[in-house]
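Throughout, a chain's letter reflects where its sequence line sits, starting with A, and its residues are numbered from 1. Excluded from the calculations below are hydrogen atoms, water molecules and symmetry mates; all remaining heavy atoms, backbone and side chain alike, are included.
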Amino acid sequence: MGIKGLTKLLADNAPKAMKEQKFESYFGRRIAVDASMSIYQFLIVVGRTGMETLTNEAGEVTSHLQGMFNRTIRLLEAGIKPVYVFDGKPPDLKKQELAKRYSKREDATKELTEAVEEGDKDAIEKFSKRTVKVTKQHNEECKRLLRLMGVPVVEAPCEAEAECAALCINDMVYAVASEDMDSLTFGAPRFLRHLMDPSSKKIPVMEFEVAKVLEELELTMDQFIDLCILSGCDYCDSIKGIGGQTALKLIRQHGSIESILENINKDRYQIPEDWPYQEARRLFKEPNVTLDIPELKWNAPDEEGLVQFLVKENGFNQDRVTKAIEKIKFAKNKSSQGRLESFFKPVVSTSVPLKRKDTSEKPTKAVANKKTKGAGGKKK
DNA sequence: ACTCTGTTTCGAGACGAT
DNA sequence: TGAAACAGAGT
DNA sequence: ATCGTCC
């Protein structure tokens with residue numbers, strides 16, 4: 001998923017569009033996160049050794065709950081206000097991509113079976129990870145957990161990445177955190193990579209601003225979308241022999257895919273037949289998203305509910321859960337003062353302290369968009 | 001020399017005790 | 001799944 | 001910083 005080679009393309013051609021940021025600098029900010037992506041990572045890595053995973057008494061996996069719980073607490077403790085966005089129905093154009101993944105999992109499942117028969121531990125380790133699939137149940141359990149934690153959940157009509165971008169475009173969140181570069185293609189004004197990494201590893205948070213990307217590439221948003229399609233996206237094939245570099249050249253030279261098609265040597269470059277690039281473009285430009293969502297609120301945790309769900313139903317350690325709940329409450333008090341306080345302490349560089357009234361995401365009290373209010377026109 | 005393609009290989013959480 | 005590092009082939 | 005554990 002994502003756009004092939006876009007990270008490198010931007011690093012080479014638009015280095016100023018990304019800047020390192022401190023994890024701490026997001027104190028008080030609302031950040032949209034693609035939930036399914038996180039769950040997928042958790043299932044792969046949390047508590048897995050070979051085919052062993054974390055499970056409750058019923059034998060159901062709990063890795064996603066463990067991961068989601070800890071990570072969310074970590075975010076809240078940093079004063080960040082996460083909004084988890086869940087996937088809806090994928091667009092038809094993505095079906096083939098999904099089919100591809102499905103068959104890959106099938107292959108991996110077979111190879112896993114063989115590895116088990118042969119007792120090849122390394123192979124078991126390797127292939128079991130590739131058979132991971134996020135199910136409806138994983139998603140529902142995480143929604144339940146997050147709601148109990150007092151963290152808002154958004155159900156996207158279609159692609160979560162697109163919904164995240166829409167939330168950001170409409171100032172309902174400050175930025176989108178993802179590892180998936182197509183957040184930019186969906187137009188997310190601010191896009192954060194490696195948000196979680198600085199703690200465990202020493203990779204800094206990378207912040208991309210789509211406006212700067214366009215400025216530095218000297219492209220319009222429409223042209224950037226075409227560039228992404230040519231580079232290779234989830235929705236359709238790309239042209240053999242054209243990668244990021246030449247795609248950028250061609251777009252700069254001709255301005256659009258249509259114009260490129262009119263001007264390039266079709267003997268040299270094989271254009272895929274039935275190439276739905278226009279459909280792909282439409283999915284990026286006018287994705288199926290909704291702003292008709294409940295007001296984003298970060299509530300106090302439901303302590304009894306969390307104990308019931310995590311301890312009683314899923315075998316979590318009572319003490320750990322209790323301590324975690326205390327962390328949430330403490331973090332909530334601390335951050336309920338919002339970014340205001342942070343204006344006095346850390347001297348932010350020249351970045352984006354409080355240009356617009358974007359601290360509107362703070363309980364400045366008063367106004368606050370009552371339910372889906374601010375949704376209005378702005379689309380498109 | 002440059003660019004794209006294909007292959008391979010690796011890594012992907014977070015906590016707390018030590 | 002991706003992304004980085006490498007080899008290979010086409011221009 | 002490393003390593004076992006989380007369920």
Side-chain angles (χ1 to χ4, degrees), chain A residues 1-13 33-34 36-49 52-78 94 97-98 100-105 107-108 122-123 125-134 141 145 161 178-182 193-203 206 230-234 237-250 264-265 267-270 309-321 323-324 327:
Chain A
M1 51 182 44
I3 309 302
K4 200 189 297 174
L6 186 56
T7 308
K8 190 166 183 302
L9 191 72
L10 293 184
D12 293 344
N13 297 279
V33 182
D34 177 347
S36 303
M37 189 65 49
S38 307
I39 294 171
Y40 177 72
Q41 315 270 41
F42 294 144
L43 289 176
I44 285 177
V45 82
V46 176
R48 172 185 294 270
T49 333
E52 307 292 314
T53 55
L54 300 182
T55 60
N56 58 23
E57 271 188 18
E60 296 160 331
V61 176
T62 53
S63 299
H64 55 309
L65 298 175
Q66 183 79 236
M68 187 68 79
F69 192 52
N70 289 332
R71 171 170 293 182
T72 303
I73 288 170
R74 171 184 276 273
L75 288 171
L76 293 172
E77 284 186 301
K94 203 166 179 174
E97 178 67 25
L98 295 176
K100 218 180 283 178
R101 288 182 208 174
Y102 180 81
S103 92
K104 287 246 175 109
R105 269 201 304 277
D107 294 346
D122 287 345
E125 185 67 41
K126 184 159 75 174
F127 293 125
S128 66
K129 290 178 180 174
R130 294 189 195 169
T131 63
V132 166
K133 161 108 164 87
V134 178
E141 286 170 352
L145 173 64
E161 289 291 348
S178 172
E179 297 310 306
D180 202 332
M181 293 297 287
D182 56 16
R193 281 192 112 194
H194 311 307
L195 180 63
M196 298 306 162
D197 291 357
S199 46
S200 44
K201 307 200 282 275
K202 27 166 115 176
I203 304 173
M206 289 300 264
L230 287 173
S231 296
C233 68
D234 284 351
D237 291 328
S238 53
I239 301 170
K240 288 274 184 251
I242 295 182
Q245 295 297 328
T246 41
L248 179 56
K249 268 181 219 144
L250 290 171
I264 63 167
N265 182 339
D267 297 324
R268 187 129 287 160
Y269 294 111
Q270 191 76 33
F309 184 44
L310 293 178
V311 179
K312 303 240 173 75
E313 295 177 33
N314 285 286
F316 277 53
N317 178 285
Q318 168 86 58
D319 284 345
R320 286 177 201 263
V321 171
K323 285 193 188 124
K327 283 190 194 173

Enumerate, atom names and distances included, each donor-acceptor pair closer than 3.5 Å involving a side-chain atom of residues 58-66 of chain A, sequence neighbours excluded.
from: Glu60(A); atom 1: OE1; to: Asn56(A); atom 2: ND2; distance (Å): 3.1
from: Thr62(A); atom 1: OG1; to: Leu54(A); atom 2: O; distance (Å): 3.3
from: Ser63(A); atom 1: OG; to: Val46(A); atom 2: O; distance (Å): 2.8
from: His64(A); atom 1: NE2; to: Glu141(A); atom 2: OE1; distance (Å): 2.6
from: Gln66(A); atom 1: OE1; to: Asn70(A); atom 2: ND2; distance (Å): 3.3

Worksheet item: Within a strict 4.5 Å, meaning less than it, do heavy atoms of the Arg193(A) and Ile203(A) side chains meet?
Response: no

Practice prompt. Rounded off to whole Å, could you give me the CZ-to-P distance for the Phe69(A) and dC15(B) pair?
Written response: 11 Å

Report each atom pair, protein N/O against N/O of nucleotides 9-11 of chain C, whose distance is under 3.5 angstrom.
none

Worksheet item: Rounded to whole angstroms, how far apart are CD on Glu60(A) and P on dC6(D)?
Response: 19 Å

Fill in: Pairwise C1' distance for dA3(C) and dA14(B), with rounding to whole Å
23 Å

Worksheet item: OP1 or OP2 of dC15(B) sitting under 4.0 Å from any side-chain N/O of Arg74(A)?
Response: yes

Worksheet entry | salt bridge (Lys or Arg N to Asp or Glu O under 4.0 Å) assessment of Arg101(A) paired with Asp234(A) | CA-CA 11 Å; Arg101(A) 288 182 208 174; Asp234(A) 284 351; 3.7 Å; yes

Discussion item. By the 4.0 Å heavy-atom rule, please label Ser63(A) as base, sugar-phosphate, or nothing.
Written reply: nothing

Discussion item. Any heavy-atom pair between the side chains of Leu230(A) and Thr246(A) that's under 4.5 Å?
Written reply: no

Practice prompt. Take the protein atom CZ of Phe316(A) and the nucleotide atom C1' of dG16(B), then report the distance between them rounded to whole Å.
Written response: 16 Å

Item to complete: Take the protein atom CD of Gln270(A) and the nucleotide atom C1' of dC4(B), then report the distance between them rounded to whole Å.
Response: 16 Å

Discussion item. Rounded to whole Å, how long is the line connecting atom CG of Leu310(A) with atom C1' of dC6(D)?
Written reply: 12 Å

I'd like a list of close polar pairs between nucleotides 11-13 of chain B and the protein, N/O only, cut-off under 3.5 Å.
from: dG13(B); atom 1: O3'; to: Arg71(A); atom 2: NH2; distance (Å): 3.3
from: dG13(B); atom 1: O6; to: Gly47(A); atom 2: N; distance (Å): 3.4

Worksheet item: Passes side chain to side chain contact (heavy atoms under 4.5 Å, CB included), Asp34(A) versus Asp180(A)? Steps please.
Response: CA-CA 9 Å; Asp34(A) 177 347; Asp180(A) 202 332; 5.7 Å; no

Discussion item. I'd like to check Leu75(A) versus Met196(A) (side-chain heavy atoms, cut-off strictly below 4.5 Å). Are they in contact?
Written reply: yes

Item to complete: Could you tell me whether Gly244(A) contacts a base, only the sugar-phosphate backbone, or nothing, with contacts defined as non-hydrogen atoms closer than 4.0 Å?
Response: sugar-phosphate

Worksheet item: Could you give the OH-to-C1' distance, from Tyr269(A) to dT5(B), as a whole number of Å?
Response: 13 Å

Practice prompt. Scan Thr62(A) against the nucleic acid and name what it touches under 4.0 Å (heavy atoms): base, sugar-phosphate only, or nothing.
Written response: sugar-phosphate

Discussion item. Can a donor-acceptor pair be found, under 3.5 Å and without considering hydrogens, that links the side chain of Thr72(A) to the backbone of Phe69(A)?
Written reply: no

Worksheet item: Got a sec: does the NZ of Lys4(A) have more than 12 other heavy atoms crowding it under 6.0 Å?
Response: no

Item to complete: Give the nucleotide from the list dT3(B), dC7(D), dA3(C) with an atom nearest to the side chain of Gln245(A).
Response: dT3(B)

Item to complete: From the options dT3(B), dT1(C), dC7(D), select the nucleotide whose nearest atom is closest to the side chain of Asn56(A).
Response: dC7(D)

Item to complete: Determine the interatomic distance between P on dC6(D) and the same-named atom on dT7(B); round to the nearest Å.
Response: 42 Å

Item to complete: Return the value, rounded to whole Å, for the distance between atom NZ of Lys327(A) and atom P of dC15(B).
Response: 6 Å

Practice prompt. In whole angstrom, give me the gap between the P atoms of dG2(C) and dC15(B).
Written response: 27 Å

Worksheet item: Can you tell if the side chain of Ser178(A) reaches within under 4.5 Å of the side chain of Glu161(A), non-hydrogen atoms only?
Response: yes

Worksheet item: Expressed in whole Å, how much space separates the P atoms belonging to dT5(D) and dT9(B)?
Response: 31 Å

Discussion item. Checking contacts here: which listed nucleotide (dA3(C), dT5(B), dT3(B)) is nearest the side-chain heavy atoms of Thr7(A)?
Written reply: dA3(C)

Worksheet entry | Whole-Å gap separating C1' (dC6(D)) and CD (Glu52(A)) | 14 Å

Item to complete: Please tell me if the side chains of Arg130(A) and Lys104(A) come closer than 4.5 Å, counting only heavy atoms from C-beta onward.
Response: no

